[in-house]
Amino acid sequence: MTADKNDIHYSNEQEHKNVCLAMKGFMDNGKPKVGIFWYDIMSDTLFGVEKKDAEMAVFINGKATIDKLHKTYWQKQHHRARSKNDETSIFYGEHNYTMIPRGRIFLDEETGKFQVYVGHWLIEGVQGQLVDQQQFRETLEDEFNLPEDFDFVVDVHWDIGHGWSEEMW
């Protein structure tokens, strides 16, 4: 389908400025973030990153993070990849969000320090592939604008194969 001549609008200088100002709001402001991620050990990359400025996060039980669960995010991406028949997407083939290393960035209210919660995969690796912890640390610092003094916290919840369905309430 081609655009009809009547469907095309050219922006003027003011519209251009307005759009540029609107897009400026999407730029990284350099502030530390909290959020969730998955980690591809083989390529040392993060994916499925969801984050927001730590100063905007609400503290609950002394911890601030985003209000999004890995499970919910993964299910949405999985269904989207399936509906588009996108077999190249990691979300297409794997329906269980807990089978890939993942973590969550918190800000601790008492100490004011950032904490990155991960599973034992940080130490033990996955399928014989170990994590280069220094490289991983730098990747997180860059993605979430974290200060260098953040702490890793290893917790069973973020272990491979473990998630909300296994939690005891």
Side-chain angles (χ1 to χ4, degrees), residues 26 28 31-111 113-169:
F26 301 129
D28 186 349
K31 294 179 180 179
K33 313 279 190 261
V34 293
I36 63 172
F37 63 88
W38 279 267
Y39 180 61
D40 182 342
I41 291 176
M42 300 297 265
S43 65
D44 187 40
T45 57
L46 303 175
F47 68 96
V49 172
E50 288 285 309
K51 60 189 174 182
K52 75 176 180 181
D53 289 352
E55 66 187 21
M56 303 302 288
V58 175
F59 285 95
I60 299 174
N61 294 330
K63 304 275 189 202
T65 191
I66 64 169
D67 59 351
K68 188 169 283 189
L69 297 174
H70 282 91
K71 181 177 183 176
T72 307
Y73 180 87
W74 191 275
Q75 287 172 339
K76 185 175 183 178
Q77 299 306 317
H78 177 70
H79 292 302
R80 180 176 289 147
R82 286 292 187 159
S83 70
K84 292 181 177 184
N85 203 28
D86 182 3
E87 295 180 17
T88 63
S89 170
I90 188 145
F91 300 106
Y92 181 89
E94 183 58 64
H95 71 279
N96 187 342
Y97 72 101
T98 70
M99 299 311 292
I100 297 168
R102 71 190 195 285
R104 180 177 289 272
I105 313 289
F106 288 97
L107 176 58
D108 185 82
E109 188 172 31
E110 185 177 324
T111 65
K113 287 185 78 172
F114 288 88
Q115 299 173 321
V116 178
Y117 275 68
V118 295
H120 287 85
W121 54 264
L122 177 68
I123 300 157
E124 299 167 3
V126 177
Q127 298 176 345
Q129 180 73 33
L130 294 177
V131 175
D132 179 334
Q133 291 185 23
Q134 184 58 40
Q135 182 64 39
F136 182 48
R137 176 177 282 280
E138 290 171 9
T139 300
L140 290 166
E141 287 172 6
D142 289 344
E143 182 66 40
F144 290 92
N145 297 321
L146 295 176
E148 291 179 2
D149 70 342
F150 75 82
D151 294 323
F152 281 117
V153 179
V154 176
D155 184 278
V156 68
H157 175 79
W158 287 273
D159 280 350
I160 302 296
H162 193 86
W164 285 111
S165 58
E166 294 80 20
E167 294 292 326
M168 302 296 285
W169 296 100

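What's counted below: heavy atoms across the whole structure, side chains too, no hydrogens, waters or symmetry copies. This one's a predicted model, so the numbers in the text were calculated from it and none came from an experiment.
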*Do Leu46 and Phe144 have side chains that get closer than 4.5 Å, going by heavy atoms?*
yes
*asked:* Go through it in stages, so that I can follow the logic: the residues are Tyr97 and Trp38, the test is side-chain contact (heavy atoms from CB on, under 4.5 Å), and I'd like the CA-CA distance, side-chain angles, deciding distance and then a yes or no.
replied: CA-CA 9 Å; Tyr97 72 101; Trp38 279 267; 4.0 Å; yes
_Counterpart residues, salt bridge (Lys or Arg N to Asp or Glu O under 4.0 Å), relative to Glu124 (two or more places apart)_ = none
*asked:* My understanding is that only residues two or more places apart in sequence, or in another chain, count here; which of them pass side chain to side chain donor-acceptor pair (under 3.5 Å) with Asp44?
replied: Tyr39, Gln135
_For Phe114 versus Pro32, what's the shortest heavy-atom pair and its separation?_
CZ-CB, 3.3 Å
*asked:* Checking the side chain of His78 only, and the main-chain atoms of Phe91 only, is there a donor and an acceptor separated by less than 3.5 Å?
replied: yes
*Results of side chain to side chain donor-acceptor pair (under 3.5 Å) for Asp108 - residues two or more places apart only*: Lys63, Thr111
*Apply side chain to side chain contact (heavy atoms under 4.5 Å, CB included) to Ser43 and list each qualifying residue two or more places apart in sequence or on a separate chain.*
Asp40, Thr45
*Pairwise side-chain contact, Lys68 with Arg104, heavy-atom cut-off 4.5 Å (strictly under)*: no
_To check you understand the geometry: which heavy-atom pair defines the closest contact between Leu146 and Val116, and what is its length?_
CD1-CG2, 4.0 Å
*Once you round to the nearest 0.5 Å, how far does NE2 of His120 lie from CG of Asp159?*
5.5 Å
_Which residues share a salt bridge (Lys or Arg N to Asp or Glu O under 4.0 Å) with Asp151, sequence neighbours left out_ = Lys113
*Does the Gln133 side chain pair with the main chain of Leu122, one donor and one acceptor, at a distance under 3.5 Å?*
yes
*asked:* I'd like to check the ring-ring contact (aromatic ring centres under 6.0 Å, His included) partners of Phe106; sequence neighbours left out, ordered by chain and number.
replied: Tyr117
_side-chain contact (heavy atoms from CB on, under 4.5 Å) between Glu50 and His70, worked out_ = CA-CA 9 Å; Glu50 288 285 309; His70 282 91; over 6 Å; no
*Find the distance between OG1 (Thr139) and CD (Glu141) and round it off to the nearest 0.5 Å.*
9.0 Å
*Would you mind reporting whether Leu69 and Ile36 have side-chain heavy atoms less than 4.5 Å apart?*
no
_Once side chain to side chain donor-acceptor pair (under 3.5 Å) is applied, do any residues pair with Asn85, and if so which ones, sequence neighbours excluded?_
Tyr92
*What pairs with Phe152 under ring-ring contact (aromatic ring centres under 6.0 Å, His included), at least two apart in sequence or on another chain?*
Phe136, Phe150
*Trp74 versus Ile90, closest heavy-atom pair with distance*: CZ2-O, 4.0 Å
*Should Val118 and Val153 count as side-chain neighbours, where that means a heavy-atom distance under 4.5 Å?*
no
*asked:* So, using salt bridge (Lys or Arg N to Asp or Glu O under 4.0 Å) as the criterion, who are the partners of Glu55 when residues are at least two apart?
replied: Lys31
*Which atom pair, heavy atoms only, marks the closest approach of Ile41 to Pro101?*
CD1-CG, 4.0 Å
_Donor-acceptor contact below 3.5 Å, side chain His95 vs main chain His79_ = no
*Minimal non-hydrogen separation, Val34 against Ala54, with atom names*: CG1-CB, 4.0 Å
*side chain to side chain contact (heavy atoms under 4.5 Å, CB included) with Asn96: which residues, sequence neighbours excluded?*
Glu94, Thr98, Met99
*Please list, chain by chain and in numerical order, all residues satisfying salt bridge (Lys or Arg N to Asp or Glu O under 4.0 Å) with Lys52, sequence neighbours excluded.*
none
*Under the side chain to side chain donor-acceptor pair (under 3.5 Å) rule, collect the residues that match up with Gln134, sequence neighbours excluded.*
Glu138
*Does the side chain of Ile105 reach to within under 4.5 Å of the side chain of Lys51, using non-hydrogen atoms?*
no
